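This is a predicted model, so every value here is computed, not measured. Lettering of chains follows the sequences in order, A, B, ..., and the numbering in each one begins at 1.
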Amino acid sequence: MSDAAERETEDKTPRQQDEAPREPVRHLYLVDGSGYIFRAYHKLPPTMTRADGTPTHAAYGFTNMLLKLLRDIGARDAIAVIFDADGKSFRADIYPEYKANRPELPEDLAPQFPIVRDAVRAMNIACIEEPGYEADDLIASYARRAEEAGAKVTVISSDKDLMQLIRPGVEMMDPMDGRIIGPEDVEKKFGVEPGKVIDVQALWGDSVDNVPGVPGIGQKIAAELIQQYGDLENLLSHAEEIKQKKRRENLIEFAEQARISRELVRLHDDMELDHCLEDLRAHEPEPDKLRAFLEENGFKSIATRLGLDDGAQQVAAPETAEAAYELVQDMDRLRAWIDEATRQGIVAVDVETTSLDAMAAELVGVSMATAPGRACYIPLAHKGEGDGSLDFDGKGGAPEQVPFEAALDALRPMLADPGVLKIGQNIKYDCVVLGHHGVEVTPIDDTMLLSYVLEAGKHGHGMDELARLFLDHETIPYKDVAGSGKSQVTFDRVPLDKALDYAAEDADVTFRLHALLKPRLLQERMVTVYETLERPLSPVLSRMERNGIKVDPGVLRRMSQDFAQRMAELEEKIYELAGERFTIGSPKQLGEILFEKMSLQGGRKGKSGAYSTDADVLQTLAAQGHDLPARVLDWRQIQKLKSTYTDALQDYINPRTKRVHTSFQQAVASTGRLSSSDPNLQNIPIRTEEGRKIRQAFVAEEGNTLLSVDYSQIELRLAAHMADEESLKKAFRDDLDIHAMTASEVFGVPLEGMDPSVRRSAKAINFGIIYGISPYGLAQNLGIDQGAARDYIKLYFERYPAIKGYMDEKKRSAVDDGFVETMFGRRIYLPEIKSKVPGRRSFSERAAINAPIQGSAADIIKRAMIRVLPALEDAGLGARLLLQVHDELLFEVPEAEVEATTRLVREVMENAAAPVVDLSVPLVAEAGTGRSWAEAH
DNA sequence: AACGTCCCGTAC
DNA sequence: GACGTACGGGACGTTA
């Protein structure tokens, strides 16, 4: 018999209204009924059933747990079991999806809920629920009421949603082991004090209850943010300040969702309550009632234990609604689509392949759109599903498709028809792939380039982003059709119905984007940039990518081997010096070795509070005579060269062409520059002796020579022109050493016998000008203090006042217009130029200075690239353009034509600004040739 | 397992 | 905090 029961039994007083006032309730126990029953359900094996077959194991466990609890509480205690009422709670009104994807109750649990309610009543315990509210709200409200009455509260549950209630006077208890869950446990789970739990949950969300939260933010980050900003509202109003781009954007975009989430998890403690504290006071169970319950459910062992056994025998036991996409599987339908495209004179085209790498990709299918919502997909090389093996009913076989070559033959005339405009999103990719099959695609329009020209700096230009932005449409994620991770398949294994949805959507979206964006060229005066720069450049880049460059794998392999050996030696030495083995490549571990174990001086920096171990820091330490940092510097250099270049490049050699085919990105860099990836051939080392050797692996085909032609100081020249800085312009016209001259002007030293360090300083300032100089940056660069750097800049501006004027003007116009322009009219938007966060604003200000300069140079070399191919052709020269590296063009030239080609290329490059821009400074292009890129540059 | 971020380093 | 534009590798932490 329980203690409570004994006490009650001893005084033998039946409960009566007129009984003398008892001492007030001092402690209220609130049992989270659902949580309780779930715990019981999962803890016990599902073996028990009632005589009628109803499963009872959860109810049994529940009854046991509740009896145990009842035994442990006293006469001055109150107790209630709270359940969720059936039906939707008010939270579903705030957020319809709330608990929407909650799985159905297990089949063997649902029928146990009525039993459990009976159990509670049989024990003479109040059983409370309230339609429209959840148990948690009732618990919160009763806890509040008890607290106001001066009673302590224990909530029996381990549900994290209740943890927000923990405060002095309100504790939680784990129903399984009786452990008290205190503020420390909450801290452990949420990373914040209980009072801030709901703010954390608002960000974190809850997949079980379908509370959305903010994407990409989990417990860890949520706690960090709430710690820092105090609460959700304050965080949201300072969301702008968050450093991490993705996180910042999500916080802004999903701010309302976070508020709703907070509202969803916030418990209401102000409900009207049906019971006062006294009503809930613990009573002795009424034996008859309890016995009846136990018997009915076959809980014989409990009855026996409680002495209630009367000997009775029991048995123990998609959105694409408007679009009509067509799957084209026969020649007739294909011809019909081709005819329609030809009649219309405009068609959006998209190819599906097996790879993102255009040169390695196998063509799998083609989609077309001829009007918004009107699109088709023509599968050409789809295989059966699964692993391709045939199963006995033949399902693994390839689906019905138009024969590959026949389809291409049918498409070819339309794709090359000058009267039919082919629209693509990043159509260069499609051109390269189709180019393999001897299919020329012309003329073209590219929605990615349209967006790039119209909105550079505002956002990216990938199709998903454009669809979202301009069409308010979410495209089907690739992983939804092809899977991801281990289960990912190539597109030729995607079932045709899915392939149709995906591929036709791409063409459809492209068509719609084009209809939206193309007219804006004229309205926004961007026709020229698009028509004379980006659009004609696209086929040039296609050509370059298909050309590729020959890379000698033997050279790379030998270098990799050499590097591996040297790294191993250095590692030995480094471990010896450190006195332990560690991951040298981990800045964190290295920092700990250097600054903690060896206690070298070098302090912290960086926002994460980690030690910086960059080359600057290591250099300084090495200069103080420390061997370890010096070795790590060597190790780092070799590791970089090996992993990024000599190892990685070998993997990029196309087995078919034996060449490396980079991909040029035409719509990535906001200034108008190109970028190169997979592999990036625009950052092959050159500055150090060791690194430069990698260029020896880039070689000309037999009988050819590499020709490198690069612009000399093009950005500084353009800066001089644009700022109209007469003295600089004159220096360029006189072909002076510009850095030496700057040194002479700024520091007042004679050109003759100039100290190289003085010239180096001037060079750093000149570079700083292009980047939108700051005293910090210059100081960093020159290894001087900021004061000195500030003086240099001041001196520089005094000598070149027009430069200063140019910078101020750019900043001003950027603020006024929201964008800056290159000499050729390319616009670069600077959406953060008015930001109230100083760091971001100054970032935009520097970009406002740099973008017109860098962008104008980019325009010029693009013009040269566009012109040089027909010029070579006209001259009957066989040179092929292989690479562009911002101010350099690299050609592969038949040996006999080197001289003529050099002359022609220099000519084209030096006059590339004309006739649109009449430069007041000369452009100079310098040429070099050799068997390898190392020799040619 | 996939992703994002950080740190670092390469190019112009 | 921290000079412009990129890409990428490795470490690491978080999310799911």
Pick the nucleotide of DNA chain C nearest each of A:Tyr652 and A:Thr671; which residue has the one closer to the 5' end? A:Thr671

Would you sketch DNA chain C in dot-bracket for me? Only Watson-Crick or G-U wobble pairs with both distances under 3.5 Å count, crossing pairs as [ ], other-strand pairs as |, the rest as dots. ...||||||||||||.

When rounded to the nearest 0.5 angstrom, what is the spacing between CG in A:Leu618 and OG in A:Ser612? 8.0 Å

A:Lys640 near the nucleic acid: base, sugar-phosphate alone, or nothing, with a heavy-atom cut-off under 4.0 Å? base

Looking only at C:dC7, C:dA6, B:dT5, the nucleotide nearest the A:Ser670 side chain is C:dA6

Check this one for me: any side-chain N or O of A:Gln589 less than 4.0 Å away from OP1 or OP2 of C:dC12? yes

By the side chain to side chain donor-acceptor pair (under 3.5 Å) test, which pairs, at least two apart or in different chains, include something from residues 205-223 of chain A? A:Asn101-A:Asn210, A:Arg102-A:Asp209, A:Lys160-A:Asp206

Look at A:Arg247 and B:dG4 and indicate whether a side-chain polar atom (N or O) is within less than 4.0 Å of OP1 or OP2. no

Qualifying residue for salt bridge (Lys or Arg N to Asp or Glu O under 4.0 Å) with A:Glu832, from A:Lys458, A:Arg840, A:Arg248: A:Arg840

Whole-Å distance separating the CG atom of A:Leu649 from the C1' atom of C:dC7: 13 Å

Is the backbone of A:Ser586 close enough, under 3.5 Å, to the side chain of A:Thr583 for a donor and an acceptor to pair up by distance? no

The side chain of A:Phe843 lies closest to which of these nucleotides: C:dA2, C:dG4, C:dA11? C:dG4

Is the closest basic N to carboxylate O distance between A:Glu689 and A:Arg692 below 4.0 Å? no

Does A:Lys640 pair with A:Glu690 as a salt bridge, N-O distance under 4.0 Å? no

If you check every side-chain atom of A:Pro685, which of B:dT10, C:dT5, C:dG10 has the closest atom? B:dT10

Between C:dG1 (P) and A:Glu845 (CD): distance, integer Å: 20 Å

With respect to the phosphate group of C:dT14, does any side-chain polar atom (N or O) of A:Lys220 fall under 4.0 Å of OP1 or OP2? yes

Euclidean distance, atom CD of residue A:Gln637 to atom P of C:dG10 [Å, nearest integer]: 17 Å

To the nearest Å, give me how far apart CD1 (A:Ile684) and C1' (C:dA6) are. 13 Å

What's the NZ-P distance between A:Lys642 and C:dG8, to the nearest Å? 19 Å

Does A:Ile849 reach the side chain of A:Ile769, with side-chain heavy atoms less than 4.5 Å apart? no

Of all the choices, C:dT5, B:dA11, B:dC12, which nucleotide is nearest to the side chain of A:Asp887 once you look at every atom? B:dC12

Classify the side chain of A:Arg673 versus the base of B:dC12 as yes if they form a donor-acceptor pair under 3.5 Å and no if they do not. yes

Atom-to-atom span, CH2 of A:Trp635 to P of C:dG9 - whole angstrom: 15 Å

Length of the line joining A:Leu641:CG and C:dC7:P, which is rounded to integer Å: 20 Å

So does A:Thr613 get a side-chain nitrogen or oxygen closer than 4.0 Å to the phosphate oxygens (OP1/OP2) of B:dC8? yes

Using a cut-off of strictly less than 4.0 Å, decide whether A:Ser844 has a side-chain nitrogen or oxygen near OP1 or OP2 of C:dG4. no

Quick one: is C:dA6 close enough that its OP1 or OP2 comes under 4.0 Å of any side-chain N or O from A:Ser676? no

Looking at A:Arg687, I'd like to know whether one of its side-chain N or O atoms comes within less than 4.0 Å of OP1 or OP2 on B:dC12. yes

Would you indicate what A:Phe767 reaches in the nucleic acid, counting non-hydrogen atoms under 4.0 angstrom: base, sugar-phosphate, or nothing? nothing

Name the closest nucleotide to the A:Asn680 side chain, picking from C:dG10, C:dC7, C:dG1. C:dC7

Think A:Ser675 has a side-chain N or O under 4.0 angstrom from the OP1 or OP2 of C:dC7? yes

In whole angstroms, how far is the P atom of B:dC6 from the CD1 atom of A:Ile221? 9 Å

Are A:Tyr611 and A:Glu596 linked by a side-chain donor-acceptor pair shorter than 3.5 Å? yes

Within the 4.0 Å heavy-atom criterion, would you say A:Glu715 contacts the bases, only the backbone, or no part of the nucleic acid? nothing

Determine, for A:Glu715 against A:Arg673, whether the closest basic-nitrogen to carboxylate-oxygen distance falls under 4.0 angstrom. yes

